[in-house]
Protein chains: 2
Amino acid sequence: MTFQKRAQKILELLEAYGEVEIRQLAQKTGASEVTIRRDLSTMAANKLLYRTHGGAMKTSDLIKPVSFANKAEVNIKAKDAICKKAAEDIAEGDVIFIDCGSTAFRLCQFIKNKKIKVITNSLPVVNELQHSAVSINLIGGEVNPNRQAVHGSMAHEHIVRYRASKAFLGVDGITIEGLYAGSEHEASNTMAMASQSDCIYMLCDASKVGKTSYLKFNDLSMVNILVTNFSGPEIKEFESKGIAVYSVRL
Amino acid sequence: MTFQKRAQKILELLEAYGEVEIRQLAQKTGASEVTIRRDLSTMAANKLLYRTHGGAMKTSDLIKPVSFANKAEVNIKAKDAICKKAAEDIAEGDVIFIDCGSTAFRLCQFIKNKKIKVITNSLPVVNELQHSAVSINLIGGEVNPNRQAVHGSMAHEHIVRYRASKAFLGVDGITIEGLYAGSEHEASNTMAMASQSDCIYMLCDASKVGKTSYLKFNDLSMVNILVTNFSGPEIKEFESKGIAVYSVRL
DNA sequence: TGTAATTCGATCAAAAATAATCATTATTAA
DNA sequence: TTAATAATGATTATTTTTGATCGAATTACA
């Protein structure tokens with residue numbers, strides 16, 4: 001059994017149980033404990049797992065290089081349902097913006113096989129769509145490792161050079177009063193994408209609706225379609241402001 | 001049995017089993033193990049499969065990060081030695097360009113802990129440096145999934161907006177006559193980075209020196225320093241053209 | 001806290017696989 | 001046909017992988 005095979009097995013077991021012991025692994029792979037120990041060290045060096053005494057643990061998904069692809073993610077079902085609904089509106093030949101953030105990221109799985117062009121500043125989106133039917137335009141600028149996204153004035157300039165039929169955006173909070181972001185950088189990108197698109201989709205799971213955040217960066221007028229699993233009386237108010245609301249259920 | 005026939009058979013078996021052993025293949029094809037080994041290396045160079053000890057694995061079966069642990073990459077030692085040498089010249093506070101390509105990628109491991117700014121169009125470089133001391137500026141434009149890099153006119157415009165103290169570039173081939181690239185896109189980016197840098201480092205393992213490729217995109221005048229493990233009489237000629245040559249040994 | 005039991009890291013040796021070299025055979029070009 | 005070129009195979013030297021062993025470090029637990 002080669003190193004690669006063992007590594008695969010180890011990662012599988014890690015995925016299933018969250019942690020593994022060297023004894024187990026040695027038994028399952030037929031290799032000696034010394035070898036397993038060596039495997040674990042090289043894998044740990046590549047940040048594929050955390051080394052513990054006598055075994056290994058799954059790398060915290062926060063630290064993993066590229067992944068919102070994490071099933072422990074909050075509200076994942078809501079986000080998936082929202083994105084599935086939104087993806088129905090995406091047609092062959094479309095040019096779309098995809099915002100950074102964990103919600104918009106979930107759109108990827110539903111558009112992989114569509115022949116469209118995606119303009120994005122989200123590194124996970126790029127990684128996810130890299131070997132798919134989608135052609136990608138990556139927005140350039142300063143990389144923010146925490147958000148796994150590109151920001152800054154160069155990014156802004158880049159965005160306004162393009163034009164898309166649809167933009168799929170996320171925010172930190174949305175109320176009747178307006179849209180809220182966690183940072184100016186994000187707000188700036190979101191605004192720029194909106195200004196360059198014919199139709200603006202706002203993807204918000206229920207936890208975002210009615211919530212405010214530190215920066216109110218715009219009112220609701222720029223939003224055309226709100227896709228959400230929120231279902232309170234406020235929905236009517238959004239609609240009265242001229243926003244089409246796609247309500248999804250889980 | 002010709003190479004093509006064998007390659008076909010190998011891919012079939014790979015498709016069926018996910019992995020193959022050299023012994024098997026030698027038996028099934030009637031070729032010697034030496035020949036199979038040669039077949040596998042060329043196929044691995046074309047990314048048709050992953051080379052393992054004693055055999056090969058299907059590319060798609062491999063979990064991506066494991067492939068980084070794969071030492072089957074061609075000329076890896078030369079590339080590492082070259083990059084280690086080149087990295088010695090990088091000082092705190094530097095702003096540097098890093099080209100796409102497998103050679104320049106190897107620079108990452110040696111600069112992770114330096115407080116510098118890296119401007120790059122290479123997605124693997126971004127992933128590698130994302131959670132390090134390095135701050136990253138990602139060049140925007142069209143993503144080429146095969147090269148895992150960003151190209152196009154937008155990329156060019158992005159590059160020329162910045163200025164760096166050093167550029168670490170790769171080429172497909174280098175001779176006394178000039179520099180050769182595999183595509184115009186690459187050449188365009190390489191040229192742009194060179195034009196915006198004070199000092200241009202060319203990173204070339206021995207297989208690149210003396211080799212030409214389909215596009216000669218410039219003469220040698222733009223190169224300041226050639227870092228290579230090549231050690232033939234041609235080195236003197238490079239030096240006579242005013243290029244400083246850093247010779248590395250393995 | 002101190003002691004026993006694990007686990008780890010380093011070093012070594014054996015086995016397997018690979019790379020390098022050279023001779024031989026097939027293929028192609030002149 | 002003959003010479004040049006490329007592909008293959010055999011042989012040898014080198015490298016890689018693996019497992020064993022032993023002192024040091026870490027953990028468990030009495």
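What you see below is based on every heavy atom in this structure, not just the backbone, and it leaves out hydrogens, waters and symmetry mates. Chain letters run A, B, ... following the sequence lines, proteins first and then strands; every chain starts at 1.
- When rounded to the nearest whole Å, the span between CG of A/Leu25 and P of C/dC8 equals 11 Å.
- Salt bridge status for B/Lys216 with B/Glu177: absent, with no side-chain N to carboxylate O gap under 4.0 Å.
- The pair B/Glu15-B/Lys58 meets the salt-bridge criterion, with a side-chain N (NZ, NE, NH1 or NH2) lying under 4.0 Å from an Asp/Glu carboxylate O.
- Smallest separation of non-hydrogen atoms from B/Gly140 and B/Val150: C-CG1, 3.3 Å.
- Considering only the side chain of B/Arg23, C/dA17 comes nearest among C/dA17, D/dT27, D/dG19.
- We find that CD1 of B/Ile22 is positioned 13 Å from P of D/dT17, with the value rounded to whole Å.
- Phosphate proximity of D/dT27 to A/His53: present, with a side-chain N or O under 4.0 Å from OP1 or OP2.
- The distance between atom CG of A/Asp39 and atom C1' of C/dG9, rounded to the nearest whole Å, is 16 Å.
- Distance, A/Phe3 CZ to D/dT16 C1': 13 Å, rounded to whole Å.
- Computed from coordinates, the A/Gln24 CD to C/dT7 C1' distance equals 16 Å when rounded to whole Å.
- When rounded to the nearest whole Å, the span between CD1 of B/Ile36 and C1' of D/dA10 equals 16 Å.
- Aromatic ring pairs are classed by plane angle as parallel below 30°, tilted from 30° to 60° and perpendicular above 60°; the pair B/His185 and B/His151 is parallel.
- Look at B/Arg51 and you'll find a side-chain N or O under 4.0 angstrom from OP1 or OP2 of C/dT18.
- With DNA chain C read from its 5' end, the first of the two nearest nucleotides for A/Thr52 and A/Arg38 is the one closest to A/Thr52.
- Residue-to-nucleotide contacts include no donor-acceptor pair under 3.5 Å from the side chain of B/Arg37 to the base of D/dG9.
- Remark: A/Thr35 is not in phosphate contact with D/dT18, judged by side-chain N or O atoms under 4.0 Å from OP1 or OP2.
- Atom CD of B/Glu21 is separated from atom P of C/dT18 by 10 Å (rounded to the nearest Å).
- Looking at A/Lys117 and B/Glu142, their side chains come closer than 4.5 Å, going by heavy atoms from C-beta outward.
- Protein atom NZ of B/Lys5 is 18 Å distant from nucleotide atom C1' of C/dA26, rounded to whole Å.
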